[in-house]
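See structure below.
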Amino acid sequence: MFKRAVSVVSMALAMQLLGGCAVAPWERGTLAKPQMALESNPLQTELRGHAYGAREAATGSSSGSGGGCGCY
């Protein structure tokens, strides 16, 4: 009795998990719109990241050197 209940619950859980990962074909056009992008301007974000990386590489490491005061 207990094994059957466990198997029914595990089967129901598996069906719920596997059923939630599908996107209907007619919804793909909606998800591909520019408004749905995670980054509103990916080029600007990439340039800012590049500039930040160049500044941090010039200091020697991403963590500040020196004392606990936050100065370099």
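These numbers come from the heavy atoms of this one structure, side chains and all, not from hydrogens, waters or symmetry mates.
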- Mind checking side-chain hydrogen bond (donor to acceptor under 3.5 Å, both in side chains) for Gln44 and listing every partner two or more places apart, or none if nothing turns up? Asn41
Give every donor-acceptor pair under 3.5 Å between a side-chain atom in residues 1-13 and any protein atom, sequence neighbours left out.
unit_1 : atom_1 : unit_2 : atom_2 : d
Ser7   : OG     : Lys3   : O      : 3.3
Ser7   : OG     : Arg4   : O      : 2.8
Ser10  : OG     : Val6   : O      : 3.1
Ser10  : OG     : Ser7   : O      : 2.9

- side-chain hydrogen bond (donor to acceptor under 3.5 Å, both in side chains) with Glu39: which residues, sequence neighbours excluded? Thr45
- Rounded to the nearest 0.5 angstrom, the CD-OG1 distance for Gln35 and Thr30 is 10.0 Å
- Message: Other members of the hydrophobic cluster containing Trp26, with the 4.5 Å side-chain heavy-atom rule, please.
- Response: none
